[in-house]
Structure formats: C-alpha cells, structure tokens
Amino acid sequence: MPKLAIKGSGPSIWKALILLIIGTGSFFANPVSSRAALEVATLHPMVTDLAREVGGKHVIVFPLMNPGEDIHNFRPSSTDMAKARSADILLASGKGLELYLPRLRQTLGGSTHVIEAGNAVRSVKLSAKDALFACCPEHAAGSIDPHWWHSISGMKRAATYVAREFGKIDPSNKEAFAYNAKNWGKQLDKLETWAKREISKIPRSKRYLVTAHAAFGYFCREFGFRSIPIAGPSEGNVSSKYLAIAIGEIRKNSVPVAFPEVNANPRALDSIIKTVGIRRGKALIADGSASSASTYRAFMEHNIKVIVSGLTGAP
Amino acid sequence: MRGFPLLNLLIVIAFFALAWFPLQHLTGQSESSDPLQTQQQAAPVQAAEGFSFRIISSHPLKNVYLDYLGKRLLTVQDPGNEAEIERVINGITIAEQEIEFWIEAELKSAPKSGERPVIQLEMIREGLENRPTSVNVWGQEGESRIETNAIIFRPAI
C-alpha cells in the first residue's frame with residue numbers, strides 16, 4: 001500500500017481523522033447521550049417522586065409545583081413556562097387534573113415531550129350522583145376522577161409506562177429506566193402488602209370514608225371502601241342538598257368518624273361532625289401534596305395509618 | 001301555684017330536666033356516648049359459631065397463618081405431608097357477609113422460575129357442611145412466601 005505523504009503531517013493527522021469519524025458516528029447514533037441527563041419538569045409532587053425513582057441518575061427533575069401547594073389552583077408562572085420550555089420532558093399527572101395543560105402544550109410547541117403519567121391507570125368515572133361531590137366543577141363536568149395516585153397498583157403501572165416513555169426519548173438508557181421501574185415496583189409491592197394487611201383490620205361492612213371532597217375514588221376501589229364526600233364544589237358553596245345526602249348516608253351506615261384534609265378548610269366537615277355527632281379523625285392528604293409527606297411512600301403510609309386508626313378506634 | 005313564683009319556676013325547670021335527658025339519649029347526641037360503642041350496640045348480636053377451614057396449596061407448606069380483623073385465628077406449623085389442611089375453630093363470631101382474612105404462608109421451597117404458588121382457602125360453617133365457600137389466593141412468581149388478603153362470602157342457608 002503506497003504511503004500517504006503529506007509534508008510535515010506524520011501519523012497525527014490519521015489519528016485526528018479517525019477520532020473525528022468515531023465522534024461524529026457516536027453523535028448521530030445517540031444524540032441524547034451526549035447530554036448528562038434528561039431534564040424533566042414535573043407538575044405534581046407525586047409525579048416528581050415517580051420521575052426520580054424511574055429516572056434515577058439519568059434524569060434531573062425540576063418540580064414546578066412543590067409539596068404543600070394546592071394542585072387544583074396551581075397555574076404555571078412565566079418562570080415555570082420558561083423552565084418547561086427548556087426541559088426535555090414535561091411530566092404531568094394527567095386525567096384532566098392540569099386544566100391548563102392543553103394551553104401549555106401549545107406554548108411548548110414540539111420542543112418538549114409531554115407525558116401524562118395517569119394515562120397508564122384505568123379511570124374511575126364519576127356517576128351523575130357522585131359528580132355532585134367531585135373536587136371541583138371542572139372535574140365534575142369531565143366525569144373522570146383525576147386523583148389516580150391513591151392507587152398503589154396504579155402507581156406501579158404508571159412507573160412502567162413512564163419508564164417506557166423515557167426510554168423512547170433516551171434510548172441509550174432504556175434498560176436503566178425499565179430496571180428502575182421494576183425495582184420501584186417491588187418496593188411498591190411491599191407497600192401494598194403492608195397496606196392491605198393494615199386495612200384487613202377494618203371489617204368490610206364498616207369501610208366508609210367520610211372526607212371533605214371526592215378525592216378517594218381510586219383508594220376506595222383498590223381497598224374496598226365506599227366514599228362519602230361532604231363538601232360540594234368549593235368552600236362557602238356547600239349546597240344544603242349535598243349536605244342532606246351526605247348526612248343521610250352517614251347515619252344510615254352508622255359511620256363513626258369523618259376525616260378532614262390537609263390544606264383544606266374543615267368548616268363544612270366540622271359542621272357535619274357536630275350535627276351528626278361523630279368523631280373527627282386526623283387529617284388525610286387528599287391531593288398528594290403535603291410538605292410533611294413529599295414521597296409517595298410517606299404519603300400512602302400517612303393516609304393508611306390515619307384511616308385504620310380512625311375506623312378501628314386504635315390509637 | 002299562685003303566690004309561690006320561685007316554687008313555680010323550680011317545678012318548670014324540673015319538668016324540662018325530666019324531659020331533656022331521655023330525649024338526649026334517644027337522639028344519640030349525648031357527648032358522653034362513644035360513637036364506636038353506640039354503633040356496636042346498635043348492630044344485631046351475632047352468636048359465636050363453629051367454622052372449619054380447609055387449606056389446599058399448590059406447593060408443600062412450611063407454615064400458614066390466618067388472621068381476621070387483625071387477630072390470629074389459625075396457626076399451622078410444619079403440617080408435614082398433609083395435602084389438605086383442615087382445622088375446626090369453635091366459638092368465633094363472624095358477622096360479616098363479605099369476610100376478609102389475612103393469610104400468610106411459607107412454602108417448603110421456592111417454586112420454579114415462572115411458577116406462581118396458589119392457596120385455596122375454604123370456609124365451612126358448622127351445620128352447613130354442604131355449602132362451603134372458597135377463594136384462591138396467588139403468590140408471586142418464584143417466591144416462597146404468600147402474604148395477601150382473602151375475601152370470602154359467608155356461607156349462608
């Protein structure tokens with residue numbers, strides 16, 4: 001083979017050429033892996049935890065909503081919109097919870113992938129009767145309960161789904177996402193076993209959950225409860241018709257306790273408690289957002305302990 | 001009585017007091033009553049009965065436990081070669097129509113990969129031996145431990 005003679009070059013030009021070819025090939029094969037991690041902006045504290053568990057070290061998570069904020073009244077600010085635009089992924093809870101999401105999608109254009117974690121979960125639909133007690137008028141009109149995170153099996157499905165979606169956007173880490181989701185799924189299995197064992201202490205005929213608003217549909221479906229929400233659409237707007245129905249159900253079923261909610265005004269519930277003469281339990285976390293329980297595990301453990309102690313009378 | 005205003009007042013107060021306390025009790029709004037206790041007292045009293053429980057496992061068992069409402073109902077350790085474990089428990093009160101047990105079981109060895117162990121729990125009410133009710137509960141693939149709830153309908157006439 002004839003020598004390639006370039007005056008004054010030597011072997012360094014060949015090395016540089018080879019490195020250039022390899023680098024270019026790598027870039028086109030895996031364009032995303034040239035970045036350190038996927039940037040994921042999240043719209044709900046529970047999906048923030050989900051993103052961290054599934055993404056692991058391959059994601060950087062930017063929560064746009066912090067634990068303790070009101071999920072029904074949250075609207076992204078211009079700073080939030082800028083963060084969302086610069087992220088690779090916007091991870092929403094979905095099922096119509098984020099009423100501003102269609103508008104936000106339009107603003108983002110195609111630059112950010114939008115994933116709705118709740119798409120993986122079979123919906124609880126509100127019947128015409130239950131819609132009276134939905135969390136707010138917009139969600140009552142939509143007839144789908146958006147509070148899917150109350151279902152542990154739902155969260156497991158969401159983890160698998162989100163892992164698959166992350167993997168489409170970052171194929172080089174597809175297996176890592178799947179592994180993380182499976183691992184977290186095993187931890188959620190243990191949480192589910194513990195939850196079912198605790199709840200089995202409550203007789204099935206006594207499983208009535210009296211709460212401020214209709215946020216526990218998925219929990220009730222999963223653990224064999226019937227929901228009796230008290231408040232109507234919003235504070236100060238509790239209809240006497242709603243109250244009468246709720247009081248009737250509580251008396252008919254001899255429900256012993258009602259549960260207020262963290263971050264909610266307990267006025268309507270307290271008046272029911274006083275009228276019917278039942279106990280006031282500890283506060284539940286209804287909307288998945290509490291500064292005292294920022295992880296999914298902490299949130300579920302809190303609620304289950306409160307419900308079991310409230311309905312069994314145990315301390 | 002005329003001329004005795006204080007006495008009249010005392011009689012009126014006594015009358016209302018006599019009417020008030022029974023009414024408070026009837027409406028259930030007395031602050032001293034415990035709602036849980038009131039609920040239990042209002043429920044029809046269920047007599048204690050005898051039940052047989054039959055447990056059939058897809059894999060040999062090392063031990064099995066059955067709990068009801070947080071209390072241990074049945075313990076079977078090292079059942080040996082019993083293909084079907086049957087135990088009678090007398091003097092228990094199960095008033096529910098839908099009964100939820102908590103079952104924990106350990107197999108003698110883990111099932112093969114891809115295999116899921118299953119346990120059938122059968123409940124027979126004394127005097128209704130021809131009407132057993134049962135439920136199957138499943139463990140996880142390849143795992144030797146089963147921990148789950150088991151919902152069964154009360155055997156009825």
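Chain letters run A, B, ... following the sequence lines, proteins first and then strands; every chain starts at 1.
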Quick one: does [X]'s side chain get under 4.5 Å of [Y]'s, heavy atoms only?
{"X": "I151(B)", "Y": "R204(A)", "result": "yes"}
{"X": "P203(A)", "Y": "L69(B)", "result": "yes"}
{"X": "K71(B)", "Y": "K201(A)", "result": "no"}

Nearest heavy atoms of K196(A) and E100(B), plus distance in Å: O-OE2, 4.3 Å
Using non-hydrogen atoms only, which part of E104(B) is less than 4.5 Å away from chain A: side chain, backbone, both, or neither? side chain
By a 4.5 Å heavy-atom criterion (distance strictly below it), what part of E98(B) contacts chain A: side chain, backbone, both, or neither? both
Does the side chain of E147(B) pick up a donor-acceptor pair with the side chain of T193(A) at under 3.5 Å? no
Would you indicate whether [X], at its atom [atom1], is surrounded by more than 12 heavy atoms from other residues, nucleotides or ligands within a distance under 6.0 Å?
{"X": "R207(A)", "atom1": "CZ", "answer": "yes"}
{"X": "R122(A)", "atom1": "CZ", "answer": "no"}
{"X": "K108(B)", "atom1": "NZ", "answer": "yes"}
{"X": "E86(B)", "atom1": "CD", "answer": "yes"}

One should read off an interatomic distance between E192(A) CD and T148(B) OG1, to the nearest 0.5 angstrom, of 8.0 Å
To the nearest 0.5 Å, how far apart are OG in S200(A) and CD1 in I103(B)? 12.0 Å
